[in-house]
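Side chains included, hydrogens not; waters and symmetry mates left out as well; all remaining heavy atoms used. First the proteins, then the strands, lettered A, B, ... as listed; each starts at 1.
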Amino acid sequence: DCHARFRRMQGYNVLHPIGFDAFGLPAENAAISRGIHPHTWTMSNIQNMRRQLGSMGAIYDWGREIICCVPEYYRWNQWLFLQLYRAGLAYRAKAPVVWCPSCQTVLANEQVVDGSCERCHTAITRRDLEQWFFRITKYADQLLDFTGLLDWPEKILTMQQNWIGRSEGAEIGFDISHHRLDVKEIRTFTTRIDTIFGVTFMVLAPEHPLVPRLTSKAQHEAVADYVAQARRTSEIERQSTDKEKTGVFLGSYAVNRLNGEQVPIFIGDYVLMSYGTGAVMGVPAHDARDLDFARKYDLPIRQVIAPATWDGPDASGLAEAYLGDGFMTASGRYDGMTNQEGKQAIAEDIEKRGWGSRTVSYRLRDWLISRQRYWGTPIPMVYCQACGIVPVPEAGLPVLLPPDAEFKPTGESPLAAHPAFVHTACPQCGAPARRETDTMDTFVDSSWYMFRYTSPHYHEGPFDPALMQKWMPVDQYTGGAEHAVMHLLYSRFFTKALRDLGLVEFGEPFLRLYNQGIILGEDHEKMSKSRGNVVNPDVVVGQLGADATRCFMMFIGPWDQGGPWSDVGINGVARWLNRVWGVMEHDPAHLDAGAANSQVVRDTQRLLHQTIRKCYQDLERFKFNTAIAALMELTNHLSRVWAEADVDSATWRECTRSFLLILAPLAPHIAEELWERAGHPYSIHQQLFPKWDEELAAEDTITLVVQVNGKVRDRIQVPAGISSGQAQELALASPKVQSYTQGKAVRQAVYVPGRLVNVVVG
RNA sequence: GCCGAAGUGGCGGAAUGGUAGACGCGCCGGUCUCAAAAACCGGUGGGGGCAACCCCGUAUCGGUUCGACUCCGAUCUUCGGCACCA
């Protein structure tokens, strides 16, 4: 709010909207535990938050308010889903969900505590369901291109880059034709095709489709047990590099086509079905995880890349996996090449022989949007016996979420238990058909809502193209860093997809991004009801007012870091605002009685112009805490100057006028009131931010710090424009400095203009 | 575990590689008051010294530099994210 008000005072036409991302799990949970319908609960919360935001003096344009859980909004979720479906960007596939066998329901990760259901403490398992995905991976390379972003925190870009996780490598097939299956090979992705001669085993993900078919009779039971165990383990656990690598031999072999060797096939939970092909070639000599695995199961370790000084394998074996570059060895006709040359040569050869190809793999996975929940946007699809999957025609939108569904857990998607919702006619052939009963991930709602703000009541589409042209993309977005790799990536993907559909004309939704922090409770923990550390804005605003509340939140610390609330700390800000009131209410006519001190007038003007400059720069960069500190210093100065009656009334009027204008975005109510009482025309919030004069802000004299060998030994007042030679001369002339340089050779003197001289003696 | 951050007085924090601790809270002292509160004024990193002033000090250890809270390496701790919280 402060930033929006500041931008308006810079002369911008500011669209500062508000909305409620109102679908999702919390509403459903609260509704279940309180027996209130999610809609009722959500709307009453919204009503309360509107009131509280209003009480803080927020200038949101309420005429543009968006609420995601109303049909006027979510019908466009459905419409956009259909556009993505037609563009081939939405598809169905099997994917596991977390399942509580006791509650007979799907669980969110958040509802899993130590591998058990948070409600009934039963150990969880996983089930495969047909679900809807958005093909975000198609945009992986475009999402790695950050050139359209003007100003985003570097750390967010780094996190997105690592999350997308592009790696170049090769896919190669290991021959299993001797098993006489319809599948002739196991495809595996590797970034180290140069180590292919070091392969001594293969590991498949436990979920790999070939696992049951490659398991020997003797190993059947052990494999089944291991797969069941893996189904209970979370991916975070499975990826832990600390965890002991485990696996089970399938009792079968695959052939490394490059050397004709047979290698044993294992399953292991450190291999994930969601990355690469779900199968890895085990090269223990050159991969740390593979080495752990080989040691545990006593598999051969064969070094195939070696540093130039290497003189053959050590009898005691490899201490750790060799990850560096080197020369190819034990690699047939590739021996003697550098491994980089080997990489190219092998890749070319396997491409020629049809065994594999160079490829790029991403860590990024497609976006699973299906939720087996009630409180979300119904996915607008119909399943017909004859026609298959049929999209709901646009004229049939919105597919309304029935108000009377059973949203408590029953064992299937809540909407599946609502016959009137499920049973419909096929839009194509008119025969009886079933509706899709899953709802959408709420990240879908938040992936495009900013566009809706341009035209929140538009009926012809999700947004009015003319108004999009006028306002979008968003110039300044603020949001928490916790959104780094999901919401912020999903909305970037949506924007690019909508651009390719011809719906928007730009490829990035947010030009500038600022991460705000979180105001914590007095105990330095996140505010939560269970911790009992929640600060109620109604109470604080009621006691000390909206301006003190706003200013204190901004004064706690750097806005991007957040910080702890303090019930006593806010008194300091409240006191300051009271002093501001007192100082601004002084009658300047009183000053004309005495004689102004010209030096104090000059100092006052300088401080005023420095303060305008500092606050302007700070407010542009969300540095509210230091802007307020600067205003406090000016308040202290004006207070002193008034007591001594050292300035003339014209200077005083200039100071108070500019002060109030700077205060306006921070403490809008007090600023407006004082503005009016000073006789200025309504409203202070329609004024421009004051301008500063660099000449008036410039210092006449500076404190020259004099160091000897980097330690401060003296401070000298000198004219601001002093030359390097003069500064060094003055520094060396200082008696304090001389007591340190006495009898020693001055080897060097470093002058930092306007700051210090460092005399180096030795 | 992996990815990304952060660590400065009693507390919140300030400091383009150049005066560490701005501003505020708290505390101590004073003015006013019968007294208290409020308000106002002054002091306040630690240690030493009558004082001038000196030494130490930005999580820990090491490095780069004339000079490091700031840059580099390692370690510890805390926080955000890890794909169904949003």
Watson-Crick or G-U wobble mate for rC2(B), both contacts under 3.5 Å: rG81(B)
T442(A) vs rA86(B): side-chain N/O to OP1/OP2 distance below 4.0 Å: yes
Step-by-step side chain to side chain contact (heavy atoms under 4.5 Å, CB included) determination, W559(A) to M554(A): CA-CA 7 Å; W559(A) 192 246; M554(A) 291 187 273; 4.1 Å; yes
Distance-only donor-acceptor test, R373(A) side-chain atoms vs rC84(B) base atoms, 3.5 Å: yes
Counter-base of rG17(B), judged by Watson-Crick or G-U geometry with both distances under 3.5 Å: none
K526(A) side chain near rC85(B) phosphate (N/O to OP1/OP2, under 4.0 Å): no
Sugar-phosphate only, base, or nothing, as touched by V98(A) at under 4.0 Å among non-hydrogen atoms: nothing
K623(A) side chain near rA15(B) phosphate (N/O to OP1/OP2, under 4.0 Å): yes
Anti or syn - rG9(B), cut at 90° from 0: syn
N/O (side chain, R371(A)) to phosphate O (OP1/OP2, rC84(B)) under 4.0 Å: yes
Assigned partner base of rG67(B), Watson-Crick or wobble definition, under 3.5 Å: none
Sugar-phosphate, base or nothing in reach of F493(A), heavy atoms under 4.0 Å: nothing
Donor/acceptor link under 3.5 angstrom from Q372(A) side chain onto base of rC84(B): yes
Under-4.0 Å side-chain N/O to phosphate OP1/OP2 contact, Y740(A) with rC54(B): yes
Salt-bridge criterion met for R640(A) and E633(A) (N-O under 4.0 Å): no
Length of the NE2-P vector between H483(A) and rC82(B), whole Å: 11 Å
Phosphate OP1/OP2 of rG24(B): any N571(A) side-chain N/O under 4.0 Å: no
Contact under 4.0 Å: N625(A) side-chain N or O vs rC23(B) OP1/OP2: no
L272(A) CG - rC2(B) C1' separation (whole Å): 12 Å
Under 3.5 Å on both distances, the Watson-Crick or G-U partner of rG12(B): rC23(B)
4.5 Å side-chain heavy-atom contact, E525(A) and N533(A): yes
Residue matched to rG7(B) through Watson-Crick or wobble contacts both under 3.5 angstrom: rC76(B)
N/O (side chain, R579(A)) to phosphate O (OP1/OP2, rC40(B)) under 4.0 Å: yes
Side-chain N,O (N162(A)) to OP1/OP2 (rG4(B)) below 4.0 Å: yes
Salt-bridge present (D292(A), R289(A); N to O < 4.0 Å): no
Short side-chain to backbone donor-acceptor contact, R715(A) and V705(A), under 3.5 Å: no
cation_pi(R135(A), Y91(A)) dist<6.0 Å, angle<=45: yes
